[in-house]
Amino acid sequence: MDDLEKLLYMLEIQILRDQKDRAIAGLKKRGFSDERLLIIDQIVALDDLRKDQQTQLDVQLNERNTLSDEIGNLFKSGKAQEANQLKIKVQAIKEAAETLEVKLQQTKSDLDAMLVSLPNIPHANVPEGRTPEDNKVHQAWDGEFPTLPAGALPHWELAEKYNLIDFKLGAFITGSGFPLYRGKGARLQRALINYFLDQARRAGFEEILPPFMVNADSAYGTGQLPDKEAQMYYMEKDDLYLVPTAEVPVTNMYRGQIVSESDLPIKLTAYTPCFRREAGSYGSDVKGLNRVHQFDKVEIVQFEHPSRSYETLQAMVNHVSHLMESLELPYRILHLCGGDMGFTSATTYDFEVYSAAQQKWLEVSSVSNFESFQANRMKIRFKDEKGKMQLVHTLNGSALALARIVAALLENNQTENGIRLPQVLVPYTGFEFIGAEE
RNA sequence: GGUGAGGUGGGUGAGAGGCUGAAACCAACGGUUUGCUAAACCGUCGUACUUCGAAAGUGGUACCGAGGGUUCGAAUCCCUCCCUCACCGCCA
């Protein structure tokens with residue numbers, strides 16, 4: 001942990017103090033029981049204690065510093081005896097200070113532990129609810145659903161039939177959940193990555209190619225640690241984590257930074273493979289590309305002025321909508337309910353694509369406003385026009401996650417003798433049809 | 001993997017036990033002046049926590065990579081760790 005992590009999350013405490021009602025309402029949405037809500041009062045009380053102990057300690061240290069100065073001066077003017085007497089006095093103060101110091105450290109670490117366990121407070125308009133079933137359909141699909149030929153196949157069978165993805169070989173080389181793309185399957189993957197990056201660049205996002213492994217500080221910064229430790233692949237020998245999303249390395253580019261207000265918004269995009277252990281989720285919906293340990297994703301990340309973060313969220317949602325439309329895929333947008341939202345998010349919209357052969361909605365994008373939650377952890381700030389420090393707001397979204405998009409593309413566009421690709425991809429793939437002879 | 005050098009404010013970089021929260025320069029910001037551009041000059045210019053104050057502000061504490069130690073007193077001395085750079089080896 002570096003020093004940033006040692007800083008207390010003051011701003012969060014301020015919210016608990018000043019906007020307690022909002023905090024309570026928000027945490028209730030996340031399913032906090034009345035009992036668990038007591039943590040708010042505990043945190044405030046502990047923070048009061050912290051202040052008190054800090055003030056006491058400062059008094060002691062002040063006295064020590066003053067006397068030390070005096071001792072120095074006495075020695076200089078040759079009054080060694082008096083100086084030595086003062087030394088004894090300082091000794092007593094030091095002991096008192098050490099005791100206080102220990103108490104204060106304990107208080108701080110208790111407080112820290114509580115604050116780290118506290119999720120972001122959902123935005124007021126986040127729907128009530130506990131489970132994915134409670135998510136609100138924010139925008140339903142009002143277009144047509146694809147009509148499939150008789151004997152339509154799910155994507156894993158199409159992938160095999162046209163030799164696009166070899167799941168067995170991936171499992172042989174690595175393990176299940178690590179698909180091996182080949183031929184036009186591999187080329188389609190590369191085409192989609194390029195297409196998404198180009199679209200993001202056109203929308204003003206700077207392209208980044210970040211490291212695919214991150215250290216623990218970075219994982220804490222975006223909130224993967226300690227909350228989702230089990231979801232990440234960890235390399236013990238080097239103390240590094242494989243990225244579960246480009247959000248982690250990209251957002252951490254600004255960890256600890258004070259940016260100038262005129263730099264905002266900062267818009268970044270990055271492609272990375274994403275590695276997820278998905279512990280405990282085996283068994284349901286794991287067929288084919290529906291849930292894999294490694295998939296490709298283009299992410300967009302934005303650092304924004306607090307006053308504009310919600311219009312930016314909307315702009316990101318629009319960006320992803322355009323991508324879906326350009327790929328001619330049926331999709332819907334869900335507004336996640338309090339119980340289903342990620343730990344760090346204040347509002348999240350999920351995009352789901354309709355994969356016609358499976359007749360399933362698959363999540364392909366998650367667009368979130370974290371408000372100041374991540375910025376507070378990472379201390380990403382700017383000076384406003386009054387010269388006051390403020391935390392930026394961070395947002396990000398998948399634009400888009402590939403594996404499930406590929407699943408839907410294959411299933412929805414299948415014909416009797418092949419798969420037809422949407423026109424926007426043709427310049428990227430170099431082919432518009434995947435036929436049986438491949 | 002081996003060897004060596006180093007980590008100081010937005011940047012460069014001095015400081016080598018008390019006079020240092022830290023010189024100087026650059027950048028930034030505010031201003032003066034010059035017909036424009038450029039330049040010159042003056043001023044401001046770290047962060048966090050906290051006391052008192054309605055506020056402007058004021059007092060205190062901490063921070064010179066991180067953690068620990070020595071000392072009345074540490075950026076400065078000692079120990080541990082981390083990181084960076086250079087050279088060699090290996091390698092896409």
To the nearest angstrom, how far is A:Lys383 atom NZ from B:C29 atom C1'? 10 Å

Euclidean distance for C1', B:A23 against B:C45 (whole angstrom): 16 Å

Going by heavy atoms closer than 4.0 Å, what residues in residues 94-105 of chain A are next to RNA chain B? A:Lys94

When the ring centroid of A:Phe303 is compared with that of A:Tyr254, is the distance short of 6.0 Å? yes

Pairs involving residues 396-411 of chain A, ordered by first then second residue, that meet salt bridge (charged side-chain N to carboxylate O under 4.0 Å, His left out) (sequence neighbours left out): none

Looking only at atom C1', what distance separates B:C88 and B:A16, rounded to whole Å? 32 Å

In whole Å, what is the span from the CG atom of A:Asp239 to the C1' atom of B:C83? 14 Å

B:A75 versus B:C91 - spacing of their P atoms, nearest Å: 47 Å

Apply the test side-chain contact (heavy atoms from CB on, under 4.5 Å) to residues A:Glu299 and A:Tyr271: give CA-CA distance (whole Å), side-chain angles for both, the deciding distance (0.1 Å), then the verdict. CA-CA 6 Å; A:Glu299 185 80 2; A:Tyr271 154 75; over 6 Å; no

Can you measure A:Ile258 atom CD1 to B:G11 atom P for me and round it to whole angstrom units? 11 Å

Is the A:Tyr349 to A:His138 ring centre distance short of 6.0 Å? yes

Stem ranges for RNA chain B, with three or more consecutive Watson-Crick or G-U pairs under 3.5 Å? B:1-7 with B:82-88, B:10-12 with B:24-26, B:28-32 with B:40-44, B:46-50 with B:59-63, B:65-69 with B:77-81

Could you walk me through whether A:Asp47 and A:Arg17 pass salt bridge (Lys or Arg N to Asp or Glu O under 4.0 Å), step by step? CA-CA 10 Å; A:Asp47 191 43; A:Arg17 286 178 186 277; 2.9 Å; yes

Look for any protein N or O under 3.5 Å of an N or O in nucleotides 59-63 of chain B and output each such pair with its distance, or none.
| from | atom 1 | to | atom 2 | distance (Å) |
| --- | --- | --- | --- | --- |
| B:G60 | O3' | A:Asn62 | OD1 | 3.2 |
| B:G60 | N2 | A:Asp58 | OD2 | 3.1 |
| B:U61 | OP1 | A:Asn62 | OD1 | 3.0 |
| B:U61 | OP1 | A:Asn65 | ND2 | 3.4 |
| B:U61 | O2' | A:Asp58 | OD1 | 2.9 |
| B:A62 | OP1 | A:Arg64 | NH2 | 3.4 |

A:Asp48 CG - B:U50 C1' separation (whole Å): 13 Å

I'd like to check the ring pair (Phe, Tyr, Trp, His ring centres under 6.0 Å) partners of A:Phe212; sequence neighbours left out, ordered by chain and number. none

Applying side-chain hydrogen bond (donor to acceptor under 3.5 Å, both in side chains) to A:Gln189 and not counting sequence neighbours gives A:Asp296

With sequence neighbours excluded, residues passing ring pair (Phe, Tyr, Trp, His ring centres under 6.0 Å) with A:Phe382: A:His305

With side chains defined as the heavy atoms from C-beta onward, is the minimum distance between A:Asn290 and A:Leu362 less than 4.5 Å? yes

Per the salt bridge (charged side-chain N to carboxylate O under 4.0 Å, His left out) rule, what does the pair list look like for residues 192-214 of chain A, sequence neighbours excluded? A:Asp198-A:Arg201

Assert: residue with more 5' nearest nucleotide on RNA chain B, out of A:Met389 and A:Gln91, is A:Met389

Start with the C-alpha gap between A:Phe373 and A:Phe343, add the side-chain angles, then the distance that decides, and say whether side-chain contact (heavy atoms from CB on, under 4.5 Å) holds. CA-CA 10 Å; A:Phe373 191 86; A:Phe343 187 81; 4.0 Å; yes

Rounding to a whole Å, what distance do you find between A:Lys51:NZ and B:A48:C1'? 14 Å

Spacing of the P atoms in B:G69 and B:G6 (rounded, Å): 26 Å

Can you list the residues that meet the side-chain hydrogen bond (donor to acceptor under 3.5 Å, both in side chains) rule with A:Thr312, with sequence neighbours excluded? A:Glu304

Not counting sequence neighbours, which residues clear ring pair (Phe, Tyr, Trp, His ring centres under 6.0 Å) with A:Tyr310? List them please. A:His123

Would you list the pairs meeting salt bridge (charged side-chain N to carboxylate O under 4.0 Å, His left out) in which at least one residue belongs to residues 22-42 of chain A, sequence neighbours left out? A:Lys20-A:Asp41

May I have the distance from A:Arg50 (atom CZ) to B:A48 (atom C1'), rounded to whole angstrom? 10 Å

CZ of A:Arg381 versus C1' of B:G10: gap in Å, rounded? 13 Å

Protein N or O to nucleotides 18-22 of chain B N or O, pairs below 3.5 Å:
| from | atom 1 | to | atom 2 | distance (Å) |
| --- | --- | --- | --- | --- |
| B:G18 | N2 | A:Ser68 | O | 2.7 |

In whole Å, what separates the P atom of B:A86 from that of B:G46? 33 Å

Of the nucleotides B:A48, B:U50, B:C72, which has the atom closest to the A:Thr55 side chain? B:U50

For B:A54 and B:A38, measure between their C1' atoms and round to the nearest Å. 48 Å

Is there a donor-acceptor pair under 3.5 Å between the side chain of A:Asn135 and the backbone N or O of A:Cys337? yes

Whole angstrom is fine here: how far is it from CD in A:Gln257 over to P in B:U47? 14 Å

